[in-house]
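Some notes on the structure that comes next.
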Amino acid sequence: MRIAICDFKTTPTNPIGRCHIQMMQALCDEHAFVVFAPEFENPRPDRIRWVRVPTPLRPLALQFVVFFLLAPLMLWWDRLRTGRRFDAVIAVESNIPRADVVHAHFCHRAFIRGDRDWSGPRLQSWARRIDHHLRSLTEPFTYGTCRSVVACSDGLRRELEETFPWLAGRVTVIGNPLFLDRLARPAGHDATADRARYGFGPDDLVLVFAALGHFERKGLPLVMQAMARLTRPDLKLLVVGGRPDTVADFRDRAERLGLGGRVTFAGMQADIRPFLWLADGFVFPSQYEAFSLVSYEAAAAGLPILVSRLHGVEEFARDGDTALVVERTAVSLTVALERFVAMGAAERRAMGARAAAAVSGFTPDRFVRRWRGFLAAENAHTGMPAASTGEATR
């Protein structure tokens with residue numbers, strides 16, 4: 001098959017982009033891929049071609065509008081220039097009109113209809129609202145004209161089918177891959193030096209919270225409120241991620257809550273593993289996720305997790321067994337923190353081991369197998385032969 005991938009950021013640091021790179025790298029000798037994206041780190045230039053779509057990177061709402069209008073024109077021009085049409089055009093959510101396949105990692109219409117927290121700096125809050133509303137406006141058209149949908153979790157599949165009833169029976173679930181051998185804490189790993197680097201002593205209980213951004217939606221304010229209610233000076237929080245302005249804002253909030261000595265900000269990091277390996281637990285009371293890759297990564301690293309009821313996470317998080325499941329309130333999170341503190345070290349390790357076992361099936365091999373099967377079904381549907389060797393580079 002000759003397949004177009006239309007994505008905003010097809011890079012290893014972007015969760016959706018990382019999925020596409022993994023899939024294309026494994027299957028590019030079987031199919032010819034052409035990536036239409038503003039950013040792309042090409043793992044196989046000999047087999048995968050990149051067509052750069054010149055869009056602004058920020059604000060996200062403007063990037064969405066420009067990409068929505070420009071990418072279809074570039075698809076048309078590529079067909080005109082090469083004389084060959086694509087057997088399948090795969091879009092991320094509603095980022096282009098009339099895609100054959102929609103790869104969904106979010107449902108914007110369902111998200112904005114929920115009771116959402118839009119707090120935070122006013123400009124950022126309004127920028128997020130505009131972005132979500134624009135995408136939600138195009139979702140009915142995109143999902144109404146596509147042939148099929150790939151969702152990253154069963155929870156997202158249910159949400160899509162409830163929001164757009166005509167999708168019933170047309171959604172395939174392919175969970176994101178985990179590199180389990182890289183995430184597991186190395187045998188005999190000593191995190192003493194790493195803990196000391198961030199001011200944590202051997203008797204401190206360290207929770208890690210990690211997110212690229214959207215700290216309000218991901219629940220960091222709730223975590224800090226619960227920690228302020230729980231007077232345990234040995235309970236510490238390490239926050240990984242966030243742009244410098246966001247980190248500065250939340251550092252000020254921590255000071256106002258009297259948590260200046262208990263909350264540490266590490267900022268953006270290319271590799272989250274050392275931070276998972278130095279921690280005693282992971283906390284993530286997010287409002288909305290489609291898969292929550294970081295929760296899976298924390299579980300794979302053998303950490304007990306304190307997490308809200310989220311799509312994807314619900315597939316392995318069982319309260320008191322593989323996780324401490326919380327409601328999104330400061331009271332519920334305070335109770336969960338009390339439970340976490342009351343657990344002994346052996347009990348926490350046992351919960352983390354059960355969590356790691358529960359996510360052990362989410363391997364790259366399974367991810368590639370499911371995409372191979374899905375593309376074979378799409379190929380059978382279109383009745384088109386697979387692309388010949390070398391076609392992507394011509």
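In this structure the side chain of Met74 never reaches within 4.5 angstrom of the side chain of Arg52, judged on heavy atoms. Between Cys19 and His105, the closest side-chain pair of non-hydrogen atoms falls below 4.5 Å. With contacts defined as side-chain heavy-atom distances shorter than 4.5 Å, the pair Leu235/Arg262 qualifies. Two residues are said to be in side-chain contact when any heavy atoms from C-beta on lie closer than 4.5 Å; Glu139 and Phe106 fail this criterion. Counting heavy atoms from C-beta on, the side chains of Arg243 and Phe215 never come closer than 4.5 Å. Contact annotation: the side chain of Phe40 never approaches that of His20 to less than 4.5 Å [non-hydrogen atoms, C-beta and beyond]. Val263 places a side-chain heavy atom less than 4.5 Å from the side chain of Val239. Between Met23 and Phe367 the shortest side-chain heavy-atom distance falls below 4.5 Å.
By the 4.0 Å N-to-carboxylate-O rule, Asp249 lies close enough to Arg253 to be salt-bridged with it. One finds a salt bridge joining Asp131 and Arg135 here, because a Lys/Arg side-chain nitrogen approaches an Asp/Glu carboxylate oxygen to under 4.0 Å. Look at Glu297 and Arg273 and you find no salt bridge, because none of the NZ, NE, NH1 or NH2 atoms lies under 4.0 Å from a carboxylate O. A salt bridge does not link Glu162 with Arg109: every distance from a Lys NZ or Arg NE/NH1/NH2 to an Asp or Glu carboxylate oxygen is 4.0 Å or more. Using a cutoff of 4.0 Å between basic side-chain nitrogens and carboxylate oxygens, Glu161 and Arg157 are scored as salt-bridged. Ion pair Glu327/Arg309 flagged as a salt bridge, since at least one NZ, NE, NH1 or NH2 atom sits closer than 4.0 Å to an Asp/Glu carboxylate oxygen.
What you find for Arg44 and Cys28 is that their closest heavy atoms are NH1-SG, 3.5 Å. Looking at every heavy atom in both residues, Ala300 comes nearest to Ala356 through O-CB, 4.1 Å. What you find for Val247 and Phe265 is that their closest heavy atoms are CG1-CB, 3.7 Å. Considering all non-hydrogen atoms of both residues, Leu160 and Ala151 come closest at CD1-CB, 4.3 Å. Leu276 and Arg185 make their closest contact through O-NH2, 4.1 Å (heavy atoms, listed as atom of the first residue, atom of the second, distance).
The aromatic rings of Phe284 and Phe209 sit tilted, their planes meeting at an angle between 30° and 60°. Trp166 and Phe164 have tilted rings, their planes meeting at an angle from 30° to 60° on a 0 to 90° scale. His214 and His132 have tilted rings, their planes meeting at an angle from 30° to 60° on a 0 to 90° scale.
Residue Arg158 places its CZ atom among more than 12 non-hydrogen atoms of other residues, nucleotides or ligands, all under 6.0 Å distant.
Cation-pi check for Arg348 over Phe340 is met; the charged atom lies under 6.0 angstrom from the ring centroid and within 45 degrees of its normal.
Put simply, CD1 on Ile305 and OG1 on Thr322 are 6.5 Å apart, with the number rounded to the nearest 0.5 Å. Residue His103 holds its NE2 atom at 13.5 Å from SG of Cys6, rounded to the nearest 0.5 Å. Distance check: Ile174 CD1 to Phe374 CZ gives 6.5 Å after rounding to the nearest 0.5 Å. Atoms CG and CG, from Leu324 and Asp319 in turn, are 6.0 Å apart once rounded to the nearest 0.5 Å. With rounding to the nearest 0.5 Å, the separation of CG in Leu375 from CG in Asp87 is 10.5 Å. Distance check, rounded to the nearest 0.5 Å: CD1 of Ile5 to CD1 of Ile48 gives 9.0 Å.
Proximity of the aromatic rings of Tyr296 and Phe362 is defined here by a centroid distance below 6.0 angstrom, and this criterion is met. For Phe67 and Phe36, the ring centers sit 6.0 Å or farther from each other.
The closest side-chain donor-acceptor pair between Ser94 and Thr138 falls under 3.5 angstrom. No hydrogens or angles considered: a donor-acceptor pair under 3.5 Å links the side chains of Thr192 and Asp190.
Taking Asp321 as the reference, Arg318, Arg354 meet the salt bridge (charged side-chain N to carboxylate O under 4.0 Å, His left out) condition, with sequence neighbours excluded.
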